[in-house]
J.: 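One structure is given below, represented as structure tokens, and several questions about it will come after.
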2 protein chains.
Amino acid sequence: MTEAESDKGRVTIIEIAKAAGVSKSTVSLVLTGRGSVKRETAERIQRAMDQLGYVYNRGAAGLRNAGSNIVGIVINDLSNPFFAELSIGIQNVLQMSGYVAFLAHTGESVSQQSQVIRMMRENGARGIILCPALDTRPEDVEGLASGDASLVLSIRRIAGSQASLVVPDNRAGAARITRHLLNLGHRRIAYVGGMGSMVVRQDRFQGFADAMADAKCAIDPGLNIESLPTKDGGVRAMGAVLALADRPTAVVCYNDVVAIGAMLAAARRGLSVGTDIAVVGFDDTEEARHVVPALTTVSVDAVGLGERSARMLLDQIADRNAAGATYVGEAKLIIRESCGIHHRALAAAG
Amino acid sequence: MTEAESDKGRVTIIEIAKAAGVSKSTVSLVLTGRGSVKRETAERIQRAMDQLGYVYNRGAAGLRNAGSNIVGIVINDLSNPFFAELSIGIQNVLQMSGYVAFLAHTGESVSQQSQVIRMMRENGARGIILCPALDTRPEDVEGLASGDASLVLSIRRIAGSQASLVVPDNRAGAARITRHLLNLGHRRIAYVGGMGSMVVRQDRFQGFADAMADAKCAIDPGLNIESLPTKDGGVRAMGAVLALADRPTAVVCYNDVVAIGAMLAAARRGLSVGTDIAVVGFDDTEEARHVVPALTTVSVDAVGLGERSARMLLDQIADRNAAGATYVGEAKLIIRESCGIHHRALAAAG
DNA sequence: CTCCAAAAATGGAACGTTCCATTATTATTA
DNA sequence: TAATAATAATGGAACGTTCCATTTTTGGAG
């Protein structure tokens, strides 16, 4: 039953020592596995711990040896499946390595973000993986990387910050999918969703512009429409697009969530996505595969990016001066149906 | 710049005391806000803390006064939007109350679940909100509630466990939505998705059976189809349903995720959901609103249940013998289009 | 001024662990 | 068997905070 406590407070290493007839130091030895203790003694101690329901106190241990196994994960929007998948990737690696994660959701609020980060540091987090809220400035994260805690920015970089970074190749990905539309004959193409202040949007839009320029195709400023990076944002933005006198024939969306909103808005007006108008996304979340028509998008491997972020942080914790790394993940074109090709087409990607 | 550390280790209360020309006790006083310290002194100390970049060490503090502000949240599947919303609700109230959350994803693995729970306890978590993995037995969580840590089970109860509980009214909700289908004239109705061993499925199926019995409508055992509670599970299960010689005219799904998978499978075979076959879900996730046709489902208010779970846990932490509560949230019928009513119909719910 | 109460500040023990320098035990070799 | 080496086990200081019992300071009232 592991019950014998109840008398008072938690059971400590000292009571275990008493029960097993050894000193607290010996118990500590088996706990950490550091010294050499006789097998028989170790078993006796183990038995005592089970019997008394001992639970290790990492707070106390960390006090002495300045360590913890805590890592903070700060996510701007957990309800976005992309970030949920990212978190799962991160946790996969952390759990394998014996770390445990504080995972916090900030809802794009910078003040909540700094609050949770402070809490994490106060609790001794060894490092933090941060998907920064929208208006995060470099000074908000500066000083985090210094001193004891490590920092890895994930998915969203912060202009002007030197912190380590894991991102997909937004520019190349956007260029690739735009080129695909151009190859299909589209010339009037809109870029839709995301706020202009978002660095990720700037990167992706740059890729879009690259491809358009390569094809000597002018960008109509009226076809660059901002919105919140949510499904509702997509619905709204697409509404604006469809209200235009001279509609585009294709729409490149900031991400899958926006794209799905856009498809929805098109469907509501009786347009058939894929034939009447092409819509493409970015991220390749699970939903992109499942929506009808299936969404042509850019795969960035959310879980993989999460795992990569975690590994980078772990490296940095292990070796403080390994800081400052940048990983840019590949962005693969995934051709499905929403761009108007209902059969597997040969992608002229690159 | 708040930089002055770098010399060695973290800066402690003692260095602050030295810098401000007071004793460590006084610093502690302003930190906890407990004693009475002169305004001027407090400000001087505050300034020293800012200057030296002090960060409070909760591990050390907790060691002395046996407290922490940590709460664990254990989620079986973060990629399910329902649980993502639940987590957000939980974090909302925790953050308001000055707590910080360990949020862990178990991927339905009982062993990972016990591992993360152990880690949480070792780190001094004051309580745990648990959405148990599928095959969790009472003994897996027993002893958690005892002693120092509180426990609240959320969404999934564990047969045979006495722990506090927050769940939606699965039985009533399932009965309500089934009755709606019966009122629309359906008689041959399938129940699809979820594994038979899941308590939640048993509860919902019971509600389904209640409604069918009330309508003197027999349940065909061949129309009770299990599957994993995922989108793919829904696709697969619906495939089995549609392969039947004598197809049902309506399908009650275990949850929204399964229902969306089922709709997808139906659409792939050229069936029009809402006219050729009715499909309904459970949970009312955001996706249910956005899918086409919009999903008729049961709203349980995921965010609200999360908030309720957190509040219950907090109550229990504050007052140990407040344990053993149960909250059953209302389950509202949400009529949309997937059940074949394209206009707002008068629900004969009850 | 002196006295006294209230307010403000203090020093040291305690929390549960790890680490270090020792000491006790056992095994190995001459 | 003695000497040595290796292995096991130990006691106490230290980690950064809080709390308690005290001491010092402040400010009125007599």
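Heavy atoms only: backbone and side chains are in, while hydrogens, waters and symmetry mates are out. So you know, we letter chains A, B, ... as the sequences are listed, proteins then strands, and number each from 1.
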J.: Find which nucleotide of DNA chain C each of B:V22 and B:L63 is nearest to by heavy atoms, and output the residue with the more 5' nucleotide.
T.: B:V22
J.: Report yes or no: does B:R58 contribute a side-chain atom to a donor-acceptor pair with the main-chain N or O of A:N123 at less than 3.5 Å?
T.: no
J.: Atom CZ of B:R39 to atom C1' of C:dA7: distance rounded to whole Å?
T.: 15 Å
J.: Looking at residues 24-37 of chain A, who's got a heavy atom less than 4.0 Å off DNA chain D?
T.: A:K24, A:S25, A:T26, A:L29, A:S36, A:V37
J.: Judged by atom type as modelled, is there a donor-acceptor pair below 3.5 Å linking the side chain of B:Q46 to the main-chain atoms of B:V30?
T.: no
J.: Tell me, please, which residues at least two apart from B:A61 pass side-chain contact (heavy atoms from CB on, under 4.5 Å).
T.: B:Y56
J.: Do A:L134 and A:N76 come within less than 4.5 Å of each other through their side chains, counting heavy atoms only?
T.: no
J.: Could you tell me the boundaries of the chain B footprint on DNA chain D, defined by atoms under 4.0 Å from its heavy atoms?
T.: D:dG16 to D:dC19
J.: Using 4.0 Å as the upper bound for N to carboxylate O, is an ion pair formed by B:R44 and B:E40?
T.: no
J.: Quick one: list whatever passes side-chain contact (heavy atoms from CB on, under 4.5 Å) with B:S114, sequence neighbours left out.
T.: none
J.: Which residue pairs pass the ring pair (Phe, Tyr, Trp, His ring centres under 6.0 Å) test when at least one of the two sits in residues 80-127 of chain A, sequence neighbours left out?
T.: A:F102-B:F102
J.: Mind grabbing the angle between the end helix axes of the helix from C:dC1-D:dG30 to C:dA30-D:dT1? Five pairs an end, 10° rounding.
T.: 50°
J.: Side chains of B:S109 and B:T106: donor-acceptor distance under 3.5 Å anywhere?
T.: no
J.: Mapping B:A42 and A:I14 onto DNA chain C by nearest heavy atom, which one lands closer to the 5' end?
T.: B:A42
J.: May I ask you to check whether over 12 heavy atoms, not counting those of A:Q162, lie within 6.0 Å of atom CD?
T.: no
J.: Does some side-chain heavy atom of A:L130 sit less than 4.5 Å from a side-chain heavy atom of A:Q113?
T.: yes
